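Below: one structure, written as structure tokens.
On a predicted model such as this, the values are computed, not experimentally measured, just so you know.
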Amino acid sequence: MKSKRALSGGGKDGYIFILPAFFYMLVVLGYPLVYNLVLSFKNVDVKNFTKGGSVFVGFENYINLFHDPTFLLVLRNTFIFTIACLVFQFTIGFAFAMFFNQKFKLSGPIRGMILVSYMMPMSVTGLLGKNIFANDGLVNNLLSKIGINGPEWLVTGATALIAVIIMNCWVGIPFNMLLLMSGLTSISQDVYESAAIDGANWGQRFIYITLPLMKGSVLAVLMLGFIYTFRAFDLMYIMTAGGPLNATDVLGTYSYVRSFTQFEFSEGAAIAMVLFACLFVIGLFYLRLLSKEDD
């Protein structure tokens, strides 16, 4: 009886401990989210913001967005940027994780050097990328030494998006490597030794042992990578400010520009809610996959 009372009392005490965090999340995250949702259903702009003369317009802002060619371009850019970054970050990160999971002399120092890009603030990475891909930057200087006339990376639409993807991958590869290495280290070496004794080659061990046992880690890395990449803002804003001609604009930067540069607050809020809706769907999908894993 005593132990049961202690357990029940401990449960109630646990709720008391999480109350501060709950109220913090409610104020810092919950209120802005609800306010942004309400704002997206009004017609608030710089003219009526201070006077308070906004009216409820329902889904008009969302309808206008999906009839706006610029918004559709930005939405396409967001998915292209996210998928391209995920493919390269995950593939190269997985290769690095497999490589550094082997024991050799310089594994630690080299791995530490690779992690420098992940530890740098994104604002510094953006400034670095802006200088590297400038017309007289490092990339074009290296290309000129081998006789190639480098493009104006940040001035042309296609190359500007490529430059931003490269810099984001430079940050994301170490993140993927770290998470995947933690999954690799949890796999017992006895399993690989048994498979090798049975005659399984490297490819068979990778397909039939590594990938199935890494399924949880792979899902976590892909979902986290999608969320972090899809809501990207600072890298694009610093390197290209969304240009040229919205070629590198994503939902985050376009929402900021519509809200705080063009002062169309309701349209900016609607764009932010589209961003939130996409991430919410991905989050639900991830939770469903986790529940299937548990079953």
Could you please spell out the steps behind the side chain to side chain contact (heavy atoms under 4.5 Å, CB included) verdict for Arg205 and Thr210? CA-CA 7 Å; Arg205 293 198 298 269; Thr210 305; 5.5 Å; no
Are [X] and [Y] side-chain neighbours, meaning at least one heavy-atom pair lies under 4.5 Å?
X      : Y      : answer
Lys130 : Met167 : no
Phe100 : Ile114 : yes
Arg231 : Leu279 : yes
Ile18  : Tyr15  : yes
Thr156 : Pro151 : no
Met122 : Val171 : yes
Leu72  : Asp68  : no
Val124 : Pro121 : yes

Not counting sequence neighbours, list each pair that qualifies as a ring-ring contact (aromatic ring centres under 6.0 Å, His included) and has a residue in residues 138-162.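 Checked against ring-ring contact (aromatic ring centres under 6.0 Å, His included) - neighbours excluded - the pairs reaching residues 138-162 are Phe133-Trp153.
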Which residue pairs pass the ring-ring contact (aromatic ring centres under 6.0 Å, His included) test with at least one member in residues 164-188, sequence neighbours excluded?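 Non-adjacent pairs meeting ring-ring contact (aromatic ring centres under 6.0 Å, His included): Tyr118-Phe175, Phe175-Tyr228.
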Exercise: identify the closest heavy-atom pair between Leu235 and Gly126: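 Here Leu235 and Gly126 meet closest at CD1-CA, 3.7 Å.
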Minimum heavy-atom distance Gly243-Ala160, with the two atoms named: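 Minimum heavy-atom contact is O-CB, 4.3 Å.
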Applying ring-ring contact (aromatic ring centres under 6.0 Å, His included), can you list everything that pairs with [X], at least two apart in sequence or on another chain?
X      : answer
Phe285 : none
Phe88  : none
Tyr24  : none
Tyr192 : none

Which label fits Phe230 and Phe79: parallel for a plane angle under 30°, tilted from 30 to 60°, or perpendicular past 60°?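 Phe230 vs Phe79 ring planes: perpendicular.
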Classify the angle between the aromatic ring planes of Phe41 and Phe59 as parallel (below 30°), tilted (30 to 60°) or perpendicular (above 60°).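 Aromatic pair Phe41/Phe59 classed perpendicular.
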Measure the spacing between [atom1] of [X] and [atom2] of [Y] and express it to the nearest 0.5 Å.
X      : Y      : atom1 : atom2 : result
Ile173 : Leu178 : CD1   : CG    : 12.5 Å
Asn101 : Met177 : CG    : CE    : 11.0 Å
Met214 : Leu219 : CE    : CG    : 10.5 Å
Leu115 : Met113 : CG    : CE    : 11.0 Å
Leu222 : Leu179 : CG    : CG    : 10.5 Å
Asp249 : Leu73  : CG    : CG    : 8.0 Å

Go through the steps to decide whether Phe206 and Phe94 satisfy the test ring pair (Phe, Tyr, Trp, His ring centres under 6.0 Å), and finish with yes or no. CA-CA 12 Å; Phe206 178 75; Phe94 207 154; 5.7 Å; yes
Between [X] (side chain only) and [Y] (backbone N and O only), is there a donor and an acceptor less than 3.5 Å apart?
X      : Y      : value
Ser255 : Gly252 : no
Thr240 : Met236 : yes
Asn140 : Asn135 : yes
Ser188 : Asp190 : yes
Asn64  : Glu60  : yes

Return yes when atom [atom1] of [X] has more than 12 non-hydrogen atoms of other residues, nucleotides or ligands closer than 6.0 Å, and no otherwise.
X      : atom1 : answer
Tyr31  : OH    : no
Asn201 : CG    : yes
Met25  : CE    : no
Phe56  : CZ    : yes

Linking directly or through intermediates, with side-chain heavy atoms under 4.5 Å: list the remaining ILVMFWY members grouped with [X], chain and number order.
X      : value
Val55  : Val57
Ile238 : Leu127
Leu245 : none

Is there a side chain to side chain contact (heavy atoms under 4.5 Å, CB included) between Asn149 and Leu143? Walk through the geometry before answering. CA-CA 7 Å; Asn149 189 17; Leu143 290 175; over 6 Å; no
Co-membership, hydrophobic cluster, residues Leu138 and Ile148, 4.5 Å side-chain: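 Both belong to a single hydrophobic cluster.
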Membership question, hydrophobic clusters at under 4.5 Å side-chain separation (ILVMFWY): are Ile271 and Val34 in the same one?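 Result: no, two separate clusters.
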Qualifying side-chain hydrogen bond (donor to acceptor under 3.5 Å, both in side chains) pairs with a residue from [range], counting only residues at least two apart or across chains:
range            : value
residues 258-278 : Arg258-Gln262, Arg258-Glu267
residues 69-89   : Gln89-Asn168
residues 32-44   : Ser40-Tyr62

